[in-house]
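Quick caveat, the model's predicted, so the values are computed rather than measured. In what follows, chains are A, B, ... by sequence order, proteins preceding strands, each numbered from 1.
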Amino acid sequence: MIERHLSNKRSARAEALRRAFYRFRQSRLSLIGAAMVATVVFFTLFGAVLAPFPEHVDGGVDTSNRFSAPSLAHPFGTNELGQDVLSLVMAGTPVSVSAGFAVVFIGSVLGVIVGALAGFNGGWIDDVLMRFSDLMLTLPSLILAMAVAAALGPGFGNMIIAIALAWWPGYARLVRGEVLQAREEVYVAAARAIGASPFRVLFRHILPNIVSPVIVKMSLDMGFAILTVAALGFIGIGVRPPTPEWGTQLSIARSYMPDFWWTAVFPGLAMFMAVFGFNLLGDGLRDVLDPRARR
Amino acid sequence: MLEIENVSRTFPARRGLFGSTGGVRALNQVNLSVSKGESLGLVGESGSGKTTLTRQILRLDTPTSGRILFEGQDMAKLGPAALRALRARVQIVFQDPYASLNPRMSVHDIVTEPMLIHRGKLGLDRRQRTDRAAELLELVGLGPQHLYRHPHEFSGGQRQRICIARALAPGPSLLLLDEPTSALDVSVQAQVLNLLIDLQERLGLTYFFISHDLGVIRYICDRVAIIFQGEIKEEGRTQQIFDAPKSEYARSLLAAMPEVRVPD
Amino acid sequence: MASLLEIRDLHLSMHSFEGAAKVLSGVTLSVEKGQIWGLVGETGCGKSLTGLSVSRLVRTPPAEYTRGKILLNGTDVLTLDEPRMRALRGRRIGMIFQDPTTNLNPSFRISTQLIDVALAAARHDSKILGLPATAGRWARRQAARRLAIDMLTEVGIPDAATRVDDYPHQFSGGMRQRVLIAMALVGQPDLLIADEPTTALDVSVQAQILDLLKQMVTVHDMGVVLITHNLGVVAQTCTHVAVMYAGAIVEKGPIRAVLTDPAHPYTKALMQAIPRRDVARGALQGLPGAVPNLVQPPAGCRFAPRCILAQPSCSKVPAEHERAAGHLVACPVVQAAHHA
Amino acid sequence: MLRFIFRRILLILPVLFGLTVIMFVIARVLPGDPVGLAAGPNATREEIEALAREFGLDQPILGQYWTYVSGLAQGDFGTSIFTRRPVADDLAAYLPATLELVFSALLIAIVVGIPAGLMAAIWRNRWPDYLSNILSVAAISMPRFFLGLLLQLCFAMWLMWLPLGGRFPIILEPPPGVTGFYTIDALLAGDMESFQTACRYLAMPAIAMSLSPLATILRMMRAATIEVMQQDYVTTARALGLSPRLIVFKYVLRNAISSSLTLIGLYFGWLLGGTVLVETVFDWPGVGLYATSAIVAQDFMPVVSVALVIGALFISVNIVIDLLYGVINPKVRYQ
Amino acid sequence: MPPIDLSTLTRRSFLALSGAGLAATSFPQELFAQSGRNILIIASGQDIPNFDPHTATGYSASFFMRNTYDPLVRVSGNPPEPVPALAQSWDVSANGRSYTFALNPAAVFHDGTPVTAADVIYSYQRALRLAKGNSWMIRGIVDPDQITAIDDHTVRFDLASPFAAFLQVIAWIFVVSKTTAEANEGGDDSATYLQANVAGSGPFTVRRAEPGALYHLDRAATAWQANGGNLDGVIWQIIRETSTQRLALQRGEVHIALNLTSEDMNSLESAPGVMRVIETEYRTFSIKMNTEFGPMADINMRKAIAYAMNYQGMLEAAGYAELMIGPLPSGILGHNPALAIYRTDLDKAREHLAMTATPEGGITLQMVHVNGNEQQRRWSLILLDSLQALNIQLEITPMNWPDMVAACQSPETFPDLFPVYQTANYGDPDNIAFAAYHSSRNGGWQNAVYNNPAADALIEAGRTEIDPARRVEIYGELQTLLVADCPDIFGVLEKRLLGMRDVVQGFSFTPVASNAVDAWPLSL
């Protein structure tokens with residue numbers, strides 16, 4: 001009997017997956033987004049390895065070959081130190097993507113904890129936590145991130161901390177709202193009526209049902225996190241050299257426009273394409289996971 | 001079995017952004033008692049306090065004054081452990097079968113959850129719980145083939161059966177039925193009502209049945225209480241109230257009841 | 001003279017990713033002035049779509065009318081273009097929907113909404129405002145406002161002259177449904193389609209609204225199609241009833257005839273499922289099985305799979321037969337029994 | 001209504017208080033040596049200590065905070081250690097520039113975004129909708145600074161149609177200051193030439209900033225319109241013979257705009273906080289640049305003050321939005 | 001790719017513009033014509049946050065002071081020589097300790113009052129009292145109590161010891177109006193007043209100040225100086241991006257661009273209407289090493305790194321520059337062009353590395369550089385690249401300047417490698433030698449840690465010696481000593497790169513603070 005149950009279980013899962021995939025496939029744009037994200041993920045994993053001039057990624061220079069225009073040897077040209085721009089752009093992918101992901105991950109974990117605590121407990125805990133996150137939302141996040149990043153000094157980890165610090169309140173608000181809403185759901189009342197502990201109600205009944213909007217927000221936020229990482233790099237408060245990072249590359253290359261436009265345009269395009277991909281994918285995911293918000 | 005003594009519930013005034021609303025007296029000195037094995041119907045229109053009363057009985061909310069005794073115990077005085085034990089004895093079926101099942105959980109998880117929570121009392125292991133869930137599904141007219149489906153794969157009537165199976169899982173003696181059929185079509189309603197009658201006979205359950213549909217109440221309940229604006233207007237044997245209502249409100253309510261009878 | 005409304009063999013398909021669902025298949029109904037037709041059936045049987053089809057409010061696509069006609073005063077509305085259709089809506093056909101809280105625009109005063117409907121109707125028939133067609137804009141507005149107040153008074157809104165400038169949320173549910181009735185009647189329609197107008201209301205308010213509807217039919221000399229799932233409401237209000245199952249009318253006729261002598265097995269099952277006064281505890285009869293999948297409906301009688309009387313002859317599309325004057329039943333088995 | 005406004009304004013105070021605390025804490029976390037920098041490379045230790053005394057930086061942190069807050073209460077934003085100018089003066093010089101930029105960007109976003117969103121909703125699932133969808137996702141994905149650079153590359157460097165950056169030709173006197181917005185001041189002075197000039201300088205930065213809010217407003221407007229069009233009252237209006245034009249432009253528009261309004265309020269804050277990048281690209285003399293240079297110099301008074309002023313502006317604009325919301329949505333007004 | 005031909009582009013776009021009717025107020029040339037005034041526009045990346053001549057620092061402030069205030073003497077020419085300013089002539093006593101200046105009787109402040117000896121004494125005393133800004137140049141040399149007014153227009157300085165570069169440094173001590181300053185004393189020695197107001201006698205006054213954007217100077221009505229150009233005013237416009245400065249120069253929106261890179265200079269080579277000034281200046285760039293703490297305290301490690309550095313790459317990345325030969329800038333008094341110095345030699349580098357505690361490398365060194373300084377970033381990367389040959393990792397941290405200054409306070413916080421530009425404020429070897437290698441400067445950014453009593457002695461001897469020949473000997477010894485000690489990687493002498501419209505006339509290059517443009521002699 002158990003075996004039969006299990007096969008039912010599997011086929012039900014597969015069916016749900018098929019349905020989700022069908023809905024996702026409905027939108028050609030989200031497929032394009034998924035393909036772009038797949039490319040980005042590919043370069044995240046292998047970008048540094050596949051770079052035609054890996055030594056340039058590690059900070060190697062070739063000062064006799066500065067500012068050569070795009071050619072077969074250097075499809076994206078070379079920069080002010082003779083480094084291959086294509087290699088730097090490729091190797092910049094893991095930096096931006098992992099930084100973006102770390103920001104979104106830390107921000108969402110913090111935000112979910114705060115939002116769930118606030119929404120589920122209500123009362124003064126809610127008041128204190130939400131007033132605080134409202135305050136954080138009122139602060140200009142980029143300036144906050146800049147101030148914190150400048151305070152902590154340059155570096156990958158510091159940059160992520162600085163951005164994530166300004167990132168969580170959005171999740172806290174979202175999660176709190178969703179928790180408040182879910183708390184009023186009949187199935188939550190039902191769970192309480194069968195004697196489920198608050199812990200169980202929160203983790204078994206409320207949180208699983210608000211995962212979708214959080215995942216949707218995460219996928220949409222990935223793009224914005226990548227943008228913010230690049231923005232800090234652009235302002236000059238980012239990673240340490242020689243870490244190849246798109247925003248930093250763009251900020252340096254800015255001085256060489258318009259003559260050596262390739263040094264600026266390609267990192268900028270890479271940034272745009274990555275963010276574009278994540279945003280398209282996020283849109284598609286929203287359609288699949290959060291049909292309420294379906295447009 | 002269940003005694004409701006002078007229960008009142010007042011919602012305090014709320015200060016909103018644009019001003020404040022006055023306090024609302026949702027329940028006013030409600031007295032009711034349900035004996036073992038009977039079905040008490042509670043009739044009222046929207047906003048009359050029916051749902052507030054169920055929340056008091058389930059201890060999802062606390063009365064402002066008065067007390068509720070279950071099998072002689074004052075529910076307000078129960079500690080957390082005792083309250084949990086009590087939750088196994090008093091179960092509820094909600095109005096909207098579409099909203100009262102967690103969409104993320106399979107039927108198996110939904111039906112076994114009460115057994116998991118009350119495993120100390122029920123003493124069922126994992127396998128036994130699954131088997132018991134299958135039994136319960138058969139009891140309510142579904143089958144083990146439904147165990148690993150999710151709620152969205154079921155029709156309204158089937159969902160309400162799942163809700164009933166869940167309510168039965170911890171072995172309750174009192175079932176609160178909060179308009180369990182008002183979201184269903186008549187043909188399905190009839191099936192669910194018959195299932196409820198059948199279960200009552202087989203399991204010796206006590207029903208506290210809430211509805212705005214007088215026909216349904218008349219069909220299923222031994223006694224009826226009519227609630228209006230938080231107050232019990234009339235209470236008595238079903239037959240007696242439908243034949244000779246005493247209060248003005250009950251009379252007007254019965255008069256407005258859309259009965260299927262051949263027009264003159 | 002043509003009937004006020006005559007629906008002939010209406011077929012409607014709804015396209016979705018699962019395929020084309022045949023949601024209406026051969027609906028035939030005719031409504032005269034002064035009649036209140038109750039259209040009953042369970043969820044998904046196509047009653048609302050039938051009502052919306054009369055006003056051509058079903059989006060095409062995804063919907064598609066594959067066969068049939070809807071004649072309003074002799075004109076087939078399915079052949080009309082959108083502007084000409086618009087001339088009928090509000091003016092010839094009034095509509096009321098289920099939920100009075102969502103059917104009024106919360107952002108506008110009652111007066112604005114009523115006046116706009118009156119002005120729209122008056123564009124096609126200036127007599128509605130009691131003004132010559134050449135009347136100025138301001139005069140028309142004033143007249144429309146007066147008309148709005150009159151209509152509100154007529155549907156029983158006390159102090160209509162002042163309440164007309166209130167917003168919807170300042171009214172109770174019953175009052176809002178009265179406002180919606182006033183709005184539907186402002187263009188003096190010949191036909192009123194009321195789609196579950198009382199489902200969201202309490203029993204006592206429901207009775208008042210139904211009384212009002214009955215009253216309006218006599219005052220305004222209209223035909224009404226009252227869509228509901230509640231046979232009690234039909235019994236209380238209607239002169240005629242049509243019972244729908246899975247996109248087709250299975251039985252229809254004068255209310256008395258159908259209620260005293262329900263012939264179709266589905267009508268019978270429906271009536272046996274209602275906990276009436278004389279039903280003993282435990283004696284209700286539920287209807288086993290489920291509504292068929294309309295993408296691939298059973299050939300012939302769609303009720304056959306659930307029917308206790310089902311016979312091989314049910315595999316053909318059942319034809320209607322007249323059981324008594326105006327009492328039509330679409331069931332070959334019953335027909336055979338009747339004639340036998 | 002008045003009571004509501006009053007209460008909302010009173011509510012700003014604790015928020016501002018909270019903001020000062022947060023910013024002060026962050027400012028004090030900053031390592032480094034602002035005083036050492038301000039004192040110059042050749043300063044002796046005694047001079048640095050004297051300077052620290054001068055700015056009260058030798059006091060305990062609570063004392064510093066108290067000094068700052070009591071100054072704020074009198075409209076004194078403190079003094080920049082680096083420029084030694086009162087921060088209030090600096091803000092008065094930079095804030096109008098930033099606000100002019102933000103309002104222009106928002107204006108573009110609203111004027112283009114709302115009709116475009118409406119159109120996309122009306123032509124839902126047809127090519128104008130698809131086009132606007134892909135363009136708006138692209139616009140949201142475009143880094144503002146990269147867009148700014150591309151605009152600069154195209155219109156200032158190659159085509160030379162527009163100035164590279166700045167706010168006004170430096171050899172001309174800007175129009176007499178009334179509002180601090182050059183465009184409005186020029187109009188007030190009746191100086192069309194200055195107005196044109198100011199617009200030319202404003203064009204690229206404002207467009208670079210407006211793109212993302214434009215796209216978001218467009219999408220929001222589209223979604224809201226579609227949602228409103230599916231409301232029961234729209235069906236009723238159609239069923240009673242109202243013309244589509246009346247339904248869309250009267251009944252739908254107002255309801256759809258009211259749901260987009262909140263977004264516009266949020267975007268105002270986002271734009272204000274995000275001017276840094278565009279100001280950097282276009283050398284726009286606003287608070288973003290000011291804050292950046294202060295952050296680099298670890299001159300925390302200006303940073304705290306900029307954050308505070310932006311926060312306060314953000315709250316104020318959202319109060320105004322709430323009031324507008326009440327005007328549009330009577331339900332809110334009467335509750 | 002060939003650089004874009006801007007002349008044709010301009011023409012084409014002009015055609016497009018006139019067609020579109022957009023040309024109005026498009027280009028500044030027209031605006032200049034409109035205003036009918038000769039206003040020189042200088043593009044610079046640096047703001048002028050402080051007007052006070054006795055506390056302000058930075059080249060932007062120097063520009064401001066030079067044009068709104070007067071010193072006793074100015075320096076001019078190449079090599080720079082003292083020329084009369086407020087002082088129309090001066091006498092030096094034989095022992096080199098007493099200087100007597102005769103003030104120009106024509107000199108007046110902007111309010112019309114004449115410049116007197118009392119103003120000079122007040123100004124020097126105030127500069128030393130405040131002890132900020134440029135006062136370090138005369139600290140310990142000028143005793144505030146040993147300045148005497150012989151009469152209203154004669155003033156005498158009695159120095160504590162002879163100082164060879166005295167006339168060179170006093171070009172940077174400006175004279176404020178004593179009456180105006182005292183009238184606005186304000187309890188802080190006029191600091192608040194003078195920070196935002198001018199009380200000088202210079203050829204220009206402030207017309208408009210928009211912090212962070214521009215400073216507009218007008219020719220003073222009282223301008224008394226001789227040999228002036230035709231300028232009615234000068235605008236110091238702040239343009240942070242170098243490429244923007246260059247484009248503005250090409251478009252004729254500015255007359256002088258101060259912060260151009262070598263790449264900018266290359267693309268300006270054939271730009272019509274643009275002159276390029278590429279001149280050697282006493283500006284050294286070197287990378288300081290932490291001689292007191294950490295692995296760099298080992299002289300062999302320092303030498304290993306000095307040998308490993310890719311000097312050719314450094315030069316290529318620098319553009320218009322030459323490699324330094326030893327610690328002093330080439331061409332300055334006493335510089336030894338034949339000095340034996342470090343050049344890239346990996347064998348020697350490994351040899352020295354083998355003598356350290358970590359003969360196989362495998363260590364990570366810390367290097368900081370100024371955040372946003374492009375040249376320093378490039379050189380850091382080149383060093384990183386060079387050190388890979390020694391199996392040494394370099395961790396580069398871009399830091400904000402205040403953090404870097406803070407890090408200089410002790411050897412423990414000072415990074416292993418620290419790049420420093422030193423610009424000569426006066427054309428004398430003492431400037432670089434004292435500022436960069438004297439132990440009294442420890443804790444400051446110019447010489448955070450290096451201290452060697454032998455070097456100190458030589459530096460002190462050099463600055464108090466008047467005889468040039470003897471000084472050449474002393475500085476020769478100092479150079480040998482410093483190369484042997486290897487406290488720095490001696491980097492490059494960057495050329496001064498200025499871009500200028502060809503309408504600017506009367507410009508002559510002086511290799512000290514040439515970016516603090518002296519506008520008075522210029523014409524348009």
Novice: Dump the intermediate steps for side chain to side chain donor-acceptor pair (under 3.5 Å) on D:T98 and D:E279, then the final yes or no.
Specialist: CA-CA 8 Å; D:T98 294; D:E279 285 180 5; 2.7 Å; yes
Novice: Please state whether the side chain, the backbone, both or neither of A:L135 comes within less than 4.5 Å of a heavy atom of chain D.
Specialist: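 Interface part for A:L135: both.
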Novice: Counting only non-hydrogen atoms closer than 4.5 Å, does A:D134 touch chain D with its backbone (N, CA, C, O), its side chain (CB onward), both, or neither?
Specialist: neither
Novice: So which residue, A:R254, A:M271, A:M273, ends up with the most heavy-atom pairs under 4.5 Å with chain D?
Specialist: A:R254
Novice: With D:S141 as reference, evaluate A:N279, A:L227, A:L280 under the side chain to side chain contact (heavy atoms under 4.5 Å, CB included) test and give the passing residue.
Specialist: A:N279
Novice: Look at D:N133, D:V306, D:I134 and state which one has the largest set of heavy-atom pairs under 4.5 Å with chain A.
Specialist: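 Sorted descending by pairs with chain A, the first entry is D:I134.
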Novice: For each of A:G247, A:A149, A:A230, A:S251, tally heavy-atom pairs with chain D at distances under 4.5 Å, and name the one with the top tally.
Specialist: A:A230
Novice: Considering only heavy atoms, which portion of A:A264 lies under 4.5 Å from any heavy atom of chain D: side chain, backbone, both, or neither?
Specialist: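 Contact with chain D involves the backbone of A:A264 alone.
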Novice: Any idea how D:Y65 and D:F17 line up, ring-wise: parallel (<30°), tilted (30 to 60°), or perpendicular (>60°)?
Specialist: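 Rings of D:Y65 and D:F17: perpendicular, over 60°.
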Novice: Among the options D:I315, D:L19, D:L147, pick out the one with the most heavy-atom pairs lying under 4.5 Å from chain A.
Specialist: D:L19
Novice: Could you check which of D:L150, D:V281, D:L272, D:L308 has the highest count of heavy-atom pairs closer than 4.5 Å to chain A?
Specialist: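 The option with the most such pairs is D:V281.
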Novice: At a 4.5 Å cut-off on heavy atoms, which part of A:L165 comes close to chain D: side chain, backbone, both, or neither?
Specialist: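 For A:L165, neither part sits under 4.5 Å from chain D.
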Novice: Counting only non-hydrogen atoms closer than 4.5 Å, does D:A138 touch chain A with its backbone (N, CA, C, O), its side chain (CB onward), both, or neither?
Specialist: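 When you check distances to chain A, atoms from both the backbone and side chain of D:A138 fall under 4.5 Å.
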Novice: With a 3.5 Å distance limit and no angle check, can you tell me whether A:W246 reaches the backbone of A:G268 through a side-chain donor-acceptor pair?
Specialist: no
Novice: Establish, yes or no, whether a centroid distance under 6.0 Å links the rings of A:F67 and A:Y256.
Specialist: yes
Novice: Tell me, for A:F278 versus chain D, whether the close heavy atoms (under 4.5 Å) come from the side chain, the backbone, both or neither.
Specialist: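 For A:F278, there is no contact with chain D at all, as no heavy atom is under 4.5 Å.
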Novice: Is it the backbone or the side chain of A:F276 that comes under 4.5 Å from a heavy atom of chain D, or both, or neither?
Specialist: both
